[in-house]
Structure formats: C-alpha cells, structure tokens
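See structure below.
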There are 2 protein chains.
Amino acid sequence: MTTPRKGPEDWIAAAFKALADGGADAVRVEPLARALGVTKGSFYWHFTDRNALLDAALDTWERAGTEGIIERVDASVADPRARLLLLWELTSGEPGLGAELAIRDWARRDSSVADRVRRIDARRLDYVRDLLAALSPSSHDLEGRAMLLYALLIGNFFIVAQPAGMDRAEVLDRAVTFVLDAARV
Amino acid sequence: MTTPRKGPEDWIAAAFKALADGGADAVRVEPLARALGVTKGSFYWHFTDRNALLDAALDTWERAGTEGIIERVDASVADPRARLLLLWELTSGEPGLGAELAIRDWARRDSSVADRVRRIDARRLDYVRDLLAALSPSSHDLEGRAMLLYALLIGNFFIVAQPAGMDRAEVLDRAVTFVLDAARV
DNA sequence: ACCTGAACACCGTTCAAGT
DNA sequence: ACCTGAACACCGTTCAAGT
C-alpha cells in the first residue's frame with residue numbers, strides 16, 4: 001500500500017549511504033532506483049543528472065563531517081583535552097566519514113569538490129586551534145601546533161599500519177603531550 | 001609501419017598513468033585500447049580482466065611509492081633532517097603519488113589492496129623511524145614520535161587548506177623541531 | 001506532478017574468426 | 001601468438017506516453 005513515489009530526500013539519503021559505503025562510484029542511478037523501488041527514469045524528474053545527486057549527497061556529508069561532529073563533541077564533554085580525544089575517536093570510526101577518502105580523491109579532479117574540502121579543513125582546523133588555545137597557556141606557534149594535530153588526525157585516519165604496541169588513542173595522547181610541551185619554550 | 005602489437009608492459013604503463021591521473025575509475029579498457037591503437041578485444045589476450053590490469057598497475061605504484069622514493073632521497077642527501085625535508089617535498093608533489101588517495105580509498109573495499117597499503121605504511125614508517133633515531137640522541141618514545149611525523153606526512157599531503165602564513169615546508173620544519181624537543185624529557 | 005518503458009551511447013567481457 | 005569484430009550485459013541519459 002506504500003506509494004512508490006520518492007522525493008529528492010529519499011534519493012539523497014540513499015546516495016549518501018552509498019557514498020559512505022562504497023565511494024562515489026557506488027552512487028549509481030539504476031541500482032539506487034532498484035533499491036528505492038522505482039525505475040531509473042523517475043530519477044530524472046528530481047535531478048538533472050547523476051552529478052546533481054552526488055552534489056546533494058556532498059551537502060549532507062559536509063554538514064555531518066564538520067558541524068555535526070563538532071556539536072556532538074561539544075555536547076558530550078567540556079574539558080578541551082577530552083574534546084580532542086573524543087574528536088579523535090569520532091573521526092576514527094564514524095561511518096559518516098567513510099566517504100572522506102573518496103571525496104578527497106574526487107576533489108583532485110573537481111574544483112567545486114575541492115572547495116568543499118577546503119572549507120571543511122579550515123573549519124576543523126579552527127576548532128582544533130581553539131581547543132589547543134584553551135589547553136595551552138602559551139600561544140607560541142599556535143598555528144603550527146594546530147596544523148600538526150589536525151594533520152595527525154587526518155593522517156592517522158588514513159594510515160592502515162599502526163606502530164607496534166600502540167593503539168590510536170595512545171598515539172593521539174602522546175601527540176597532544178608533545179604539542180603542549182613544545183609550547184613551553 | 002609500427003606494429004599495432006602491444007605487450008602487457010604497454011597496458012600496464014598506460015594503466016599506471018591513468019591511475020595516477022584520474023584514479024581507479026579512469027583505468028578503463030576501451031579508452032586505453034583506443035589510446036594504444038588496438039581494439040579492446042586484444043586486451044583480453046594479455047589479461048584476465050580489468051582487475052588484473054589494476055593489480056599490475058598497483059605493483060608499479062607500490063614500488064615507485066616506497067623503495068623508489070626512499071632510494072632517491074638517500075641518493076640525494078646524507079643528513080637525516082635534510083632527508084626528512086626532501087621526503088616531505090617528494091611526497092607532496094610527486095605524480096607517482098597522485099593515486100595514493102584513490103588507492104587508500106580502494107583499500108577500504110578490497111583486502112588485497114589493504115594489504116599493499118599496510119606494507120607501504122610499515123615500510124615508510126620504518127624509514128621515518130630510522131631517520132628520527134639518527135637525528136635524536138634519545139630513543140625516548142621513538143615509535144610515538146615516528147608515527148607522529150609519518151601521520152603528519154600523510155595528513156598534510158591530503159589536507160587542502162593550509163594555515164595562514166605558512167607553507168608546507170614550514171609546517172614540517174616546525175614539526176621536526178617539536179618532535180625532537182619532545183625527546184628531551 | 002510524478003512515473004514508466006523504450007531507446008540509445010558507452011564500456012566490460014566473451015568468443016569465433018582472422019593473420 | 002596476437003588481434004579484430006560482433007555480440008551481450010550493465011548503466012547513464014532522454015523522452016514520449018501514461019496516471
């Protein structure tokens with residue numbers, strides 16, 4: 001008895017999920033149509049083409065991957081160091097970030113995607129810098145230290161191998177200590 | 001008068017270039033066949049399928065992205081800190097590393113690709129640790145500091161935004177200083 | 001207003017047939 | 001031994017026709 005009618009939101013939700021699970025190539029009109037129970041022809045009533053759908057899915061991802069995460073972190077704990085650690089955890093295993101690699105790769109070939117990634121990086125870098133400023137009495141080389149932590153966040157998220165006898169949480173914990181020590185010059 | 005005949009190496013070279021330029025999706029049999037001046041049917045004489053070609057291209061990438069880079073660095077300069085800086089430069093702009101994002105993304109869905117990336121990470125991490133050990137009198141938390149530097153290398157390679165008033169070389173230089181300072185406990 | 005169904009293009013894969 | 005050419009499947013895109 002359910003109407004087969006699907007709104008743009010249904011397509012976008014399905015596309016976002018496919019994007020996170022399988023990357024940009026997994027966002028294909030015909031399989032999505034099958035999953036939604038309509039024909040692919042109906043897709044073109046709601047969207048210009050496949051690219052428009054990907055763009056809409058990226059909007060969702062951009063929000064979830066920045067403000068969404070930041071709000072959750074801020075709401076969960078108050079201590080800046082605890083926030084960094086939580087941020088670390090969330091960005092390590094979050095399904096919403098599963099598409100991060102695919103999107104950064106995609107950004108190499110699409111300047112509008114590159115603009116998105118730039119916005120996201122800048123926003124996250126701001127957040128990390130704020131946490132660091134709250135943690136550290138000295139503002140010595142705040143930019144450099146924030147970048148160090150953020151790059152560590154991104155890099156460690158993408159690195160498969162881990163050093164012997166350490167887990168990811170330990171890596172960040174030591175990094176924070178390094179970065180705070182480095183401020184005491 | 002040139003024979004249209006193409007050996008596996010011709011296909012692999014073309015595939016590697018496509019992989020670095022446009023990611024895994026850009027490695028398509030029919031366009032490559034056109035570029036090589038043969039029909040796509042001939043491709044299947046040399047390879048089982050598209051995946052076998054991608055696999056061969058990954059072999060090339062794996063060598064170029066690890067031993068290839070390391071050999072070039074070692075041959076160019078002797079000082080460990082200079083080596084780190086050169087490593088940084090090479091991994092920032094090298095075309096051979098253009099596929100790095102695509103491959104890491106791909107590794108999420110293919111365990112044999114994940115194995116490759118794990119090997120590469122481990123090898124590079126070893127190299128960074130060796131340089132760090134040569135630089136630093138103290139072996140205090142060598143693992144953690146090597147991981148920090150390597151993650152910074154990877155992360156900064158993938159981050160689009162840069163902190164205001166700093167270029168990438170400066171970021172690494174400060175990071176190395178941090179990491180060396182952190183050893184003096 | 002929204003969807004179906006048929007059509008066409010592009011590419012992966014197979015294979016019989018050519019040289 | 002290596003390649004062509006035709007065939008088929010899958011998916012992106014268009015569009016006339018249905019409700």
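In what follows, chains are A, B, ... by sequence order, proteins preceding strands, each numbered from 1. Side chains included, hydrogens not; waters and symmetry mates left out as well; all remaining heavy atoms used.
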If you group Ile, Leu, Val, Met, Phe, Trp and Tyr by side-chain heavy-atom gaps below 4.5 Å, do A:Val77 and A:Val128 land in one group?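 Cluster IDs for A:Val77 and A:Val128 match.
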
In this structure, how many angstroms lie between the [atom2] atom of [N] and the [atom1] atom of [X], rounded?
{"X": "A:Glu9", "N": "C:dC2", "atom1": "CD", "atom2": "P", "answer": "10 Å"}
{"X": "B:Glu30", "N": "C:dT14", "atom1": "CD", "atom2": "P", "answer": "15 Å"}
{"X": "B:Lys40", "N": "D:dG5", "atom1": "NZ", "atom2": "C1'", "answer": "10 Å"}
{"X": "B:Asp25", "N": "D:dC11", "atom1": "CG", "atom2": "P", "answer": "15 Å"}
{"X": "A:Leu32", "N": "D:dC10", "atom1": "CG", "atom2": "P", "answer": "17 Å"}
{"X": "A:Arg50", "N": "C:dA9", "atom1": "CZ", "atom2": "C1'", "answer": "16 Å"}
{"X": "B:Trp11", "N": "D:dC2", "atom1": "CH2", "atom2": "C1'", "answer": "12 Å"}
{"X": "B:Phe43", "N": "C:dC15", "atom1": "CZ", "atom2": "P", "answer": "16 Å"}

Options D:dT4, C:dC11, D:dG12, nucleotide nearest the side-chain atoms of A:Arg28: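 The closest nucleotide is D:dG12.
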
Using the side chain to side chain donor-acceptor pair (under 3.5 Å) rule, collect all pairs that involve residues 126-135 of chain B, keeping only residues at least two apart or in two chains.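 Non-adjacent pairs meeting side chain to side chain donor-acceptor pair (under 3.5 Å): B:Asp74-B:Tyr127, B:Asp126-B:Arg129, B:Arg129-B:Glu143.
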
Report yes if a side-chain nitrogen or oxygen of [X] is closer than 4.0 Å to either non-bridging phosphate oxygen (OP1 or OP2) of [N]; otherwise report no.
{"X": "A:His46", "N": "C:dC3", "answer": "yes"}
{"X": "A:Tyr44", "N": "D:dT14", "answer": "no"}
{"X": "B:Arg34", "N": "C:dC11", "answer": "yes"}

Residues in side-chain hydrogen bond (donor to acceptor under 3.5 Å, both in side chains) contact with B:Asp121, at least two apart in sequence or another chain: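 Partners of B:Asp121 under the side-chain hydrogen bond (donor to acceptor under 3.5 Å, both in side chains) test: B:Arg104, B:Tyr150.
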
Going by side-chain hydrogen bond (donor to acceptor under 3.5 Å, both in side chains), name the residues that satisfy it together with B:Glu67, two or more places apart in sequence or in a different chain.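 Partners of B:Glu67 under the side-chain hydrogen bond (donor to acceptor under 3.5 Å, both in side chains) test: B:Arg123.
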
Please list, one pair per line, the donor and acceptor atoms closer than 3.5 Å that link side chains of residues 23-34 of chain B to other protein atoms, with sequence neighbours excluded.
from    : atom 1 : to      : atom 2 : distance (Å)
B:Glu30 : OE2    : B:Lys40 : NZ     : 3.3

Contact check, side chains of A:Leu19 and A:Ile103, non-hydrogen atoms, under 4.5 Å: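 Heavy-atom side-chain distance check passes, below 4.5 Å.
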
Only stems of 3 or more consecutive Watson-Crick or G-U pairs count here, both distances under 3.5 Å; name the ones for DNA chain D, or none.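 Stem segments, range with range: C:4-8 with D:12-16, C:12-16 with D:4-8.
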
Could you list all the salt bridge (charged side-chain N to carboxylate O under 4.0 Å, His left out) pairs where at least one residue sits in residues 41-58 of chain B, not counting sequence neighbours?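 The answer is B:Asp55-B:Arg116.
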
Can you work out whether B:Trp45 or A:Ser42 has the more 5'-proximal nearest nucleotide on DNA chain D?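 Its nucleotide being nearer the 5' end, the pick is B:Trp45.
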
